[in-house]
Student: 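Provided herewith is a single structure, encoded as structure tokens, for subsequent inquiry.
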Amino acid sequence: MSEERTATVDELKALAHPLRWRVLRLCFDRAWTNQELAERLGVAPATMLRHVRALVKTDFLAAEPVRTGPKGALERPYRATGRTWRLGLVDVEGAGLVRQVDLAMLAAHRAEILEAGPDAGRDASRGVLRLGPAAQAELKARLAELVNEFRAREDPDGEALSYLWSLAARPVPADADHAPVRTRG
């Protein structure tokens, strides 16, 4: 299992935009050029180039060799490096970057769900837990082990799936009943 490493400030800044998460997802499956990404995601090529450069600078995207495009022009494709896997997000200097990254991931995931259409859902669950620090650490470690196990089983002919795991503290009113909640909701 790969060990978690803490993101740098530059990495957090690079990941704090939903479009960049979309780029990383697309470039995971195959190499895309700046122009292809811009067309696919509906943004200006200059805007996409700014996002691609930020991801390349932080090694989240890697440039592949220049190739000849369909119209004979030279073009450079990019592929995701996988460096976001097991990347620990820790806010430094009170910048609020981790919150921005969390919201960017959620927005990118939402955009993927919307783009995939109404029949794309495979499973979703939402619930409430009350866990102390040790149990939270255990939950995160066990989920990482489980995902690693399934990553090792990836099937090139299998269905491409997107997942998002999020654990967030939630506000609890002072007069709340602390009985365990056993429902989805």
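Any value given below was found using the heavy atoms of this structure, including those in side chains, with hydrogens, waters and symmetry copies removed.
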Student: Identify the two heavy atoms, one from S162 and one from E112, that lie closest to each other, and give their separation to 0.1 Å.
Tutor: OG-OE1, 2.9 Å
Student: Tell me if a side-chain donor or acceptor on W32 pairs with a main-chain N or O of L26 at a distance below 3.5 Å.
Tutor: yes
Student: If you compare all heavy atoms of C27 against all heavy atoms of R79, which two are closest, and at what distance to 0.1 Å?
Tutor: O-CG, 3.2 Å
Student: V147 versus Y163: any side-chain heavy-atom pair under 4.5 Å?
Tutor: yes
Student: Please find the pair of heavy atoms, one from A104 and one from A16, that lie closest to each other, and give the distance.
Tutor: CB-C, 3.7 Å
Student: Is there side-chain contact between V101 and E11, with at least one heavy-atom pair below 4.5 Å?
Tutor: no
Student: Quick one: CG on L161 to CD on E154, what's the gap to the nearest 0.5 Å?
Tutor: 9.5 Å
Student: List the steps and the verdict of side chain to side chain contact (heavy atoms under 4.5 Å, CB included) for N148 and W85.
Tutor: CA-CA 10 Å; N148 270 331; W85 177 246; 3.2 Å; yes
Student: For E75 and T33, run side chain to side chain donor-acceptor pair (under 3.5 Å): C-alpha distance rounded to whole Å, both residues' side-chain angles, the deciding distance at 0.1 Å, then the answer.
Tutor: CA-CA 7 Å; E75 57 186 26; T33 66; 4.6 Å; no
Student: With heavy-atom distances below 4.5 Å as the criterion, would you say the side chains of F60 and L87 are in contact?
Tutor: yes
Student: Kindly compute the distance separating CG (L114) from NE2 (H109), expressed to the nearest 0.5 Å.
Tutor: 10.5 Å
Student: Do V98 and M105 land in one hydrophobic cluster if side-chain heavy atoms of ILVMFWY residues count as linked below 4.5 Å?
Tutor: yes
Student: When you group the ILVMFWY residues by side-chain heavy-atom contacts below 4.5 Å and let the links chain together, are L49 and L15 in the same group?
Tutor: no
Student: To check you understand the geometry: which heavy-atom pair defines the closest contact between L19 and H17, and what is its length?
Tutor: N-ND1, 3.0 Å
Student: Given the ring of F28, does R25 sit roughly above its face, with NZ or CZ under 6.0 Å from the centre of the six-membered ring and within 45° of the axis?
Tutor: no
Student: Of the non-hydrogen atoms in L61 and L24, which two are nearest, and what is the gap between them?
Tutor: CD2-CD2, 4.0 Å
Student: Give the C-alpha distance, both sets of side-chain angles, the deciding distance and a yes or no for side chain to side chain contact (heavy atoms under 4.5 Å, CB included) between R22 and H51.
Tutor: CA-CA 11 Å; R22 302 281 316 275; H51 290 294; over 6 Å; no
Student: With a 3.5 Å distance limit and no angle check, can you tell me whether T81 reaches the backbone of D59 through a side-chain donor-acceptor pair?
Tutor: yes
Student: Can you tell me if R110 has over 12 outside heavy atoms packed within less than 6.0 Å of its CZ?
Tutor: no
Student: Does a side-chain heavy-atom distance below 4.5 Å link L131 with L167?
Tutor: no
Student: At what distance, to the nearest 0.5 angstrom, does CG of D155 lie from CZ of F150?
Tutor: 13.0 Å
Student: So which atom in A108 and which in P18 form the shortest heavy-atom distance, rounded to 0.1 Å?
Tutor: CB-O, 3.6 Å
Student: Run through V90, D102, V9, L89 and flag the one making a side chain to side chain contact (heavy atoms under 4.5 Å, CB included) with L97.
Tutor: V9
Student: When you look at CZ of R99, are more than 12 heavy atoms from neighbouring residues, nucleotides or ligands closer to it than 6.0 Å?
Tutor: no
Student: Working note: T58 + T8, criterion side chain to side chain contact (heavy atoms under 4.5 Å, CB included); need CA distance, chi angles, decisive distance, verdict.
Tutor: CA-CA 9 Å; T58 50; T8 67; 5.7 Å; no
Student: May I ask you to say whether E64 pairs ionically with R30, meaning some side-chain N is under 4.0 Å from a carboxylate O?
Tutor: no
Student: Less than 4.0 angstrom from a charged side-chain N to a carboxylate O is my criterion; do E36 and R40 meet it?
Tutor: no
Student: Let me confirm one number: the CD-CZ distance from Q136 to R130, rounded to the nearest 0.5 Å.
Tutor: 11.5 Å
Student: Flag the pair R53 / K57 as yes when at least one side-chain heavy-atom distance between them is below 4.5 Å, and no otherwise.
Tutor: no
Student: Is there a path from V128 to L139 through hydrophobic residues (I, L, V, M, F, W, Y) whose side chains come within less than 4.5 Å of each other?
Tutor: no
Student: May I ask you to decide if L74's main-chain N or O and T68's side chain share a donor-acceptor pair within less than 3.5 Å?
Tutor: no
Student: Spell out, yes or no, whether Y78 and V43 are grouped together once hydrophobic residues are joined by side-chain heavy atoms under 4.5 Å, including indirect joins.
Tutor: yes
